[in-house]
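Single-structure report; data block below.
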Amino acid sequence: MKLAFVLSISLGVLAGCASGKKVDSLEQGQTGWLSYPSSVEKLRLTGQLLLPTIGTPPYPAMILAHASGGLDTRVDRWAAFFREQGIATLVIDYFGPRGVTANSATQPIPTHDVYDALRLLGTHPLINPERVGIIGFSRGGNVVLNAADMGAYDAGGRQFAGYVALYPSCGVTSIRKGNGAPVLIMLGDRDDLVPVVQCETLVENARSKGREARLKVFEGGYHGWDGDFSGIWYHRALNTSYTLQADDRITELSRQEALSFLKPLLRP
């Protein structure tokens with residue numbers, strides 16, 4: 001429970017910074033924390049858009065979807081890593097606008113949020129809307145897989161160039177052919193929340209439907225290898241406990257794996 005408390009405090013601090021300036025489009029080149037309308041709910045979504053300091057616009061971009069703990073430094077580190085490669089980043093907060101925390105009894109998987117984010121990025125003059133990918137962590141990974149299954153969902157005809165999901169729950173979704181953008185799933189072989197066999201089955205089924213899908217399993221990896229916490233965490237929304245284990249070695253390997261997958265798709 002101590003770990004969950006720490007995660008909840010982290011979420012509260014970060015979400016407090018995330019109200020953002022209200023926008024309906026980014027035609028003026030706005031960046032920073034933004035508040036923009038949801039296409040399906042009566043609320044405003046929030047996200048932080050930052051541009052890289054290297055490369056030449058229009059930039060490719062990555063949307064980042066957090067895990068069950070909410071916004072945290074793991075997402076910030078991944079975003080910084082992408083910007084170092086010349087890729088703009090939009091970190092979305094799909095908990096804060098709904099009053100959800102790490103300890104909430106129910107937690108959403110709002111797939112439409114990422115398509116609203118994709119549509120928003122398509123209005124920015126310094127971002128190439130044809131080269132936008134998405135990465136998600138744990139519950140955020142399920143947001144990614146759902147988005148991959150849905151294809152171009154009400155995003156003004158836009159679609160993602162690539163999908164990356166880290167340790168998602170592979171047994172609760174499918175990946176049909178959709179619009180065909182490639183999918184990468186990364187998982188640890190010691191993950192006691194997400195069985196490897198479920199992700200293997202998911203990828204095999206996706207390939208059988210003509211979808212390009214890859215699975216990378218890291219030896220010795222637990223759930224949340226790129227996070228800050230190690231220990232047993234009770235997940236109230238799932239009513240189960242599992243192991244979180246930070247691992248710098250696997251974190252670096254997963255970053256390079258993601259970059260190798262994304263480079264030909266985003267062309268930073």
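Position 1 is the first residue of the sequence, and the numbers go up from there.
Two residues are said to be in side-chain contact when any heavy atoms from C-beta on lie closer than 4.5 Å; Q85 and L262 fail this criterion. In this structure, the side chains of V183 and L145 come closer than 4.5 Å at one or more pairs of heavy atoms. Here the side chains of T123 and Q28 are not in contact, with every heavy-atom distance at 4.5 Å or above. Residues Q245 and R190 fail the side-chain proximity criterion, which asks for heavy atoms closer than 4.5 Å. L45 has its side chain out of reach of I92: every pair of non-hydrogen atoms, C-beta onward, lies at least 4.5 Å apart. Using a 4.5 Å heavy-atom cutoff, the side chains of E219 and L253 are not in contact. For the pair F160/V114, a side-chain contact is recorded, criterion being any heavy-atom separation below 4.5 Å from C-beta on. At a threshold of 4.5 Å between non-hydrogen side-chain atoms, the residues P97 and E41 do not count as touching.
Scanning both residues, S138 and H223, for their nearest heavy atoms gives OG-NE2, 2.8 Å. Heavy-atom minimum distance, F95 versus P108: CE1-CD, 3.8 Å. The shortest heavy-atom contact between G86 and P60 is O-CD, 3.7 Å. Heavy-atom minimum distance, P168 versus V194: O-CG1, 2.9 Å. Taking each heavy atom of N205 and S208 in turn, the nearest pair found is O-OG, 2.6 Å.
Distance alone, capped at 3.5 Å, is enough to place a donor-acceptor pair between the H124 side chain and the Q30 backbone. A donor-acceptor pair is defined here as one N or O able to donate and one able to accept, closer than 3.5 Å; such a pair exists between the side chain of S104 and the backbone of T101. A distance-only check finds no donor-acceptor pair linking the side chain of D93 to the backbone of G47 [under 3.5 Å]. Under the 3.5 Å distance criterion, the side-chain polar atoms of R236 are matched with a main-chain donor or acceptor of N103. For the pair K22 (side chain) and P37 (backbone), a donor-acceptor distance under 3.5 Å is absent.
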Review point. How far apart are the C-alpha atoms of D191 and V196, what are their side-chain angles, what is the distance that settles it, and do they pass the side chain to side chain contact (heavy atoms under 4.5 Å, CB included) test?
Key: CA-CA 8 Å; D191 195 316; V196 172; over 6 Å; no

Point to revise | Step-by-step side chain to side chain contact (heavy atoms under 4.5 Å, CB included) determination, L50 to R83 | key: CA-CA 8 Å; L50 295 174; R83 291 194 300 274; 3.6 Å; yes

Practice item. Given side chain to side chain contact (heavy atoms under 4.5 Å, CB included), test L266 with M62 step by step and report yes or no. Key: CA-CA 9 Å; L266 302 187; M62 285 294 291; 3.7 Å; yes

Exercise for review: Might you work through the side chain to side chain contact (heavy atoms under 4.5 Å, CB included) test for N239 and Y234, ending with a clear yes or no?
Suggested key: CA-CA 7 Å; N239 192 29; Y234 172 70; 2.7 Å; yes

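No side-chain donor from either of S39 and H112 sits under 3.5 Å from a side-chain acceptor of the other.
The environment of K263 atom NZ is sparse: at most 12 non-hydrogen atoms of other residues, nucleotides or ligands sit within 6.0 angstrom.
Using a 4.0 Å cut-off between charged nitrogen and carboxylate oxygen, R98 and D113 count as a salt-bridge pair. A salt bridge links E130 to R158: at least one charged side-chain nitrogen sits closer than 4.0 Å to a carboxylate oxygen. Taking a cutoff of 4.0 Å between a charged side-chain nitrogen and a carboxylate oxygen, R77 and D228 qualify as a salt bridge.
Considering V143, V132, V144 in turn, V132 is the only one that fulfils the side-chain contact (heavy atoms from CB on, under 4.5 Å) rule with I63. None of Y242, W225, Y222 except one satisfies the ring-ring contact (aromatic ring centres under 6.0 Å, His included) rule with Y167; the exception is W225. Screening T73, T89, T251, D226 against W78 for a side-chain hydrogen bond (donor to acceptor under 3.5 Å, both in side chains) leaves a single residue, D226.
Taking hydrophobic clusters as Ile, Leu, Val, Met, Phe, Trp and Tyr residues chained together by side-chain heavy-atom distances below 4.5 Å, I54 does not share a cluster with L49.
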